Number of protein chains: 2
Amino acid sequence: MTVQNLLKALKDGGGDPDLATVDDVTGHNTSRLPLASQVAITIRDMIVQDLIKPGERIRERQLSVELNVSRTPLREALKILEGEKLIALLPNRGAIVADPAPDEIRELLQVLGALEALGGRLAAENARDADIAEIKALHYEMLAAYSREDRLAYFKLNQQIHSSIMNASRNSSLIETHSHFNARLYRVRYRSNQRNAKWHEAIDQHEGLIKALEARDGELLAARLSSHLGATWAKVSKEDYAEGSAG
Amino acid sequence: MTVQNLLKALKDGGGDPDLATVDDVTGHNTSRLPLASQVAITIRDMIVQDLIKPGERIRERQLSVELNVSRTPLREALKILEGEKLIALLPNRGAIVADPAPDEIRELLQVLGALEALGGRLAAENARDADIAEIKALHYEMLAAYSREDRLAYFKLNQQIHSSIMNASRNSSLIETHSHFNARLYRVRYRSNQRNAKWHEAIDQHEGLIKALEARDGELLAARLSSHLGATWAKVSKEDYAEGSAG
DNA sequence: ATATTTTATTTTGTATGCTGTATTTACTTT
DNA sequence: AAAGTAAATACAGCATACAAAATAAAATAT
């Protein structure tokens, strides 16, 4: 290890925290990331935030000039997103934004339920008191948003609570997989939250989640997280059948 | 839709099944796949079959000439494999084959356990009688391999049984995620199988799995699949501590 | 006018070459 | 001789250029 490397390492890891650009979604440090990874983050955000609609085609050349990069890193980014199932890559026919059918959504919610159940068990075991306190705080913030009928804030806090529980599991593989599945379902749940008249039902369920976590009752928390997602499916499917699946 | 396209569609989908090359691992049709995907399959096999060792560096130029492709599709393949966590991509420093630490293996087995538990529950619900019969047949084949002390055959049949149970769940997202996690753990479990003196312990457990599946007792099957993987971790960790983790 | 074939255009797939970064080697200094 | 510095080399990152495939458009035939 030479001095110049040491200096670089210092600059990278140590000081200047404001130089490091941190992504909101993944939390990754994006400053010295290859273009492909940065582009992947950008497109992921565009998809999750519904700036590109499901089923919509992604034209390489067009998007590459929009993002001001060449097609090479863009194509690499698309491979990444294909792995996350946020897009589908049809050979010789380009990429389209993933558009899960109701059946697939049901499948995804089942898996997500299993992941959250495991997360709950582990969280009850591994969460620090500060983690639980923070989750409780988020819960109260969510109640505040509910009281103000601020659906967007409510939704985001809801998501944050679930992510926080997963983070408390201290199982990084689980956390990452969970966030992938969550991203695939983000839009569905967002729409569901915006439309559903009985959005208060989730409040009671969340109350139960917090109680189970405070009691560090892993089995109870796991069960409640699972049934919570079961309720999500009930809502989503009802909406879908009510208006015929298409967006 | 023109006639030439119709003819092509016919040729692709319909006839000439022998023209289609099907991959052993993923079951994907590989004949008309882009190079990047084919390369990804090749490298994945090399990793899972331990032709490239964990921690080993992957040189783009070198591998590209070995596989007779340019660096562009190879790099795209590496992005795919990074998403599957089979390799790690260090910015400006190339790719290395993933080498999960004991802690990470424990985490992975926990997630795999949750996935298999869900798979078991769904399989008990959705499996057709023919599926169960086939799984039973595989079980007896495994017993035969055990009797002959053919560890390789035993191991492969063991894997096949677990995959078959997952397939019987009829949840494609679950099946795919399970296979990804399984691939990440393949080498670990393979080594464990080769070394472990008490490999007969798994026989009794498998007997229990089949019984639960035949009875279509989802909860029991789920519980047994989980504890089965718990036993795997017990073995793996023991071996690791016994000889100090390095391969 | 409709349907089919042919041509043109657009778009994806792949290879190559250049640039910047990391690592190694040789050299200098203490 | 050990540590530090500077040059050289190897490598990954990216853009451009070309090839092949798919789609769209025009022309021809029915």
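Just so it is clear, the structure is predicted and the values come from calculations on it, not from any experiment. Numbers restart at 1 for each chain; the letters A, B, ... are given by sequence-line order, proteins then strands.
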In whole Å, what is the span from the [atom1] atom of [X] to the [atom2] atom of [N]?
{"X": "Lys79(B)", "N": "dA12(D)", "atom1": "NZ", "atom2": "C1'", "answer": "10 Å"}
{"X": "Arg32(A)", "N": "dG13(D)", "atom1": "CZ", "atom2": "P", "answer": "14 Å"}
{"X": "Leu90(B)", "N": "dG13(D)", "atom1": "CG", "atom2": "C1'", "answer": "14 Å"}
{"X": "Leu74(B)", "N": "dG13(D)", "atom1": "CG", "atom2": "C1'", "answer": "13 Å"}
{"X": "Arg71(A)", "N": "dA19(D)", "atom1": "CZ", "atom2": "C1'", "answer": "12 Å"}
{"X": "Leu35(B)", "N": "dT12(C)", "atom1": "CG", "atom2": "P", "answer": "17 Å"}
{"X": "Glu76(A)", "N": "dG13(D)", "atom1": "CD", "atom2": "C1'", "answer": "8 Å"}
{"X": "Leu78(A)", "N": "dT12(C)", "atom1": "CG", "atom2": "P", "answer": "9 Å"}

(request) Output the residues of residues 52-67 of chain B in contact with DNA chain C, where contact means a heavy atom of the residue under 4.0 Å from an atom of the strand; sort by number or write none. (result)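 Nucleic-acid contacts, sorted: Arg61(B).
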
Quick one: does [X]'s side chain have a donor or acceptor within less than 3.5 Å of a partner on [Y]'s backbone?
{"X": "Ser192(A)", "Y": "Val188(A)", "result": "no"}
{"X": "Asp45(B)", "Y": "Thr42(B)", "result": "no"}
{"X": "Glu76(B)", "Y": "Arg75(A)", "result": "no"}

(request) Look at the side chain of Arg93(A) and decide which nucleotide, out of dA22(D), dA15(D), dG13(C), has an atom nearest to it. (result)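 Given the options dA22(D), dA15(D), dG13(C), the side chain of Arg93(A) is closest to dA22(D).
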
(message) The side chain of Asn92(B) is closest to which nucleotide in this list: dG13(D), dT23(D), dT12(C)?
(response) dG13(D)

(request) Taking only Lys NZ, Arg NE, NH1 and NH2, and the carboxylate oxygens of Asp or Glu, determine whether Glu125(A) and Arg170(A) approach each other closer than 4.0 Å. (result)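 Salt bridge between Glu125(A) and Arg170(A), a charged N being under 4.0 Å from a carboxylate O: no.
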
(message) Students often mix this up, so state it plainly: with edges at 30° and 60°, are the rings of His162(A) and His228(A) parallel, tilted or perpendicular?
(response) parallel

(message) With nearest nucleotide decided by heavy atoms, which residue, Gly94(A) or Thr72(A), maps closer to the 5′ end of DNA chain C?
(response)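 The residue closer to the strand's 5' end, by nearest nucleotide, is Gly94(A).
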
(request) Look at the side-chain N and O atoms of Arg75(B) and state whether any lies under 4.0 Å from the OP1 or OP2 oxygen of dG13(D). (result)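 So the side-chain polar atoms of Arg75(B) do come within 4.0 Å of the phosphate oxygens OP1 or OP2 of dG13(D), strictly under.
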
(message) Are the side chains of Tyr190(A) and Leu152(A) in contact, using a 4.5 Å heavy-atom criterion?
(response)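 Counting from C-beta outward, Leu152(A) and Tyr190(A) do come under 4.5 Å.
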
(request) Would you sort out whether Glu176(B) and Lys85(A) count as a side chain to side chain contact (heavy atoms under 4.5 Å, CB included), showing the intermediate values? (result) CA-CA 11 Å; Glu176(B) 188 175 351; Lys85(A) 299 287 170 186; 3.1 Å; yes

